[in-house]
Amino acid sequence: MQRYKAIISYDGTGFLGYQVQPKGRTVQAELEAALEKIHKGIPVKVTASGRTDAGVHAKGQVIHFDSPLAIPEDRWVVALNSLLPEDLAVLFVEKADNAFHARFDAAGKEYRYQLQLSGFRDPFQRNYVYRYPYALNLEAMREASRYLLGTHDFTSFCAAKTEVQDKVRTIKEIDFLLDGDLLTIRFVGTGFLYNMVRILVGTLLAVGSGDLSPEEIPSILEKKDRSAAGKTAPARGLYLWEVFY
């Protein structure tokens, strides 16, 4: 039995998220269905670096699976992509140590959130950016982001129904990349809680619009109360960009 590590990319618009659900289309279910066909009806479990919600995209999600088949790594890519739908692709497959675990071995992740700062409504971008046609103070947002860097308890910045007990995480980088009317906010950290990036974005937007001041961020962190932070930004602007090992 050989363990394989793979990098996958998907358009999250048509999925209920990564993880298998009782009803509805998911990334994991599509991957496992393709692998089952390759293995002549034998189920194959796929493990990812983490879940993504409905509507969230991935440029560099990492998975692992085990197989007894002696298929060359490059042929795995061809075989899987021939069976997968158009909105899901395998980019790369390599042999991994049998102890490798896509989730538990991950040392960090990069997420990017894309905003269209324009009053022009582009129907071809509606599923891939969050259109925010309001004035933003980017310098205030940058100042606020500096309070979020480092190791903190991010209870205020995760969904209230989060089951994880330890909500301490480390954010290493937050960058603001402006290209015309497209603003990309880049987050790099050791790990992220459920809805954490989307709540961080919603809070930074509240700062940029003047509803919050940058100096309020430490107080929001200290309160450990979801209601203290900003709104949850829509899923469609979020991308799991890369997973680090």
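As the structure is a computational prediction, the values presented were derived from the model and not from experiment. For this chain, numbers begin at 1 and follow the sequence in order.
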Which residue pairs satisfy the ring-ring contact (aromatic ring centres under 6.0 Å, His included) criterion with at least one member in residues 217-245, sequence neighbours excluded?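 Of all non-adjacent pairs touching residues 217-245, those that pass ring-ring contact (aromatic ring centres under 6.0 Å, His included) are His57-Tyr239, Phe100-Tyr245.
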Write out all pairs satisfying side chain to side chain donor-acceptor pair (under 3.5 Å) with one or both partners inside residues 119-130, taking only residues at least two apart or from two chains.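 The answer is Asp11-Tyr128.
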Could you note down all residue pairs passing side chain to side chain donor-acceptor pair (under 3.5 Å) where residues 78-93 supplies at least one of them, sequence neighbours left out?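 Every pair satisfying side chain to side chain donor-acceptor pair (under 3.5 Å) with a residue in residues 78-93: Arg25-Asp87.
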Should Val56 and Arg236 count as side-chain neighbours, where that means a heavy-atom distance under 4.5 Å?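 No, their side chains stay 4.5 Å or more apart.
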Name all residues meeting the salt bridge (charged side-chain N to carboxylate O under 4.0 Å, His left out) criterion together with Lys95; count only those two or more places apart in sequence or in a different chain, and write none if there are none.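 Expected list: none.
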Among residues at least two apart in sequence or on other chains, which ones pass salt bridge (charged side-chain N to carboxylate O under 4.0 Å, His left out) with Asp105?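 Asp105 satisfies salt bridge (charged side-chain N to carboxylate O under 4.0 Å, His left out) with no other residue.
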side-chain hydrogen bond (donor to acceptor under 3.5 Å, both in side chains), paired with Arg226, selected from Thr232, Asn195, Thr162: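 That would be Thr232; it is the only one of Thr232, Asn195, Thr162 passing the side-chain hydrogen bond (donor to acceptor under 3.5 Å, both in side chains) with Arg226.
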May I ask whether Tyr194 and Ile171 are part of the same hydrophobic cluster, defined by side-chain heavy atoms of I, L, V, M, F, W, Y residues being less than 4.5 angstrom apart, directly or through others?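 The answer is no; the residues belong to distinct hydrophobic clusters.
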At their closest point, which heavy atom of [X] faces which heavy atom of [Y], and how far apart are they?
X      : Y      : result
Thr203 : Ala229 : OG1-CB, 3.6 Å
Phe192 : Val188 : CZ-C, 3.9 Å
Ala235 : Ala54  : CB-O, 3.3 Å

Given the side-chain rings of Tyr4 and Phe65, with only the six-membered ring counted for Trp, is the space between their centroids under 6.0 Å?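 Ring centres of Phe65 and Tyr4 closer than 6.0 Å.
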Under the side-chain contact (heavy atoms from CB on, under 4.5 Å) rule, collect the residues that match up with Ala48, sequence neighbours excluded.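 Ala48 satisfies side-chain contact (heavy atoms from CB on, under 4.5 Å) with Tyr18, Gln61, Ile63 only.
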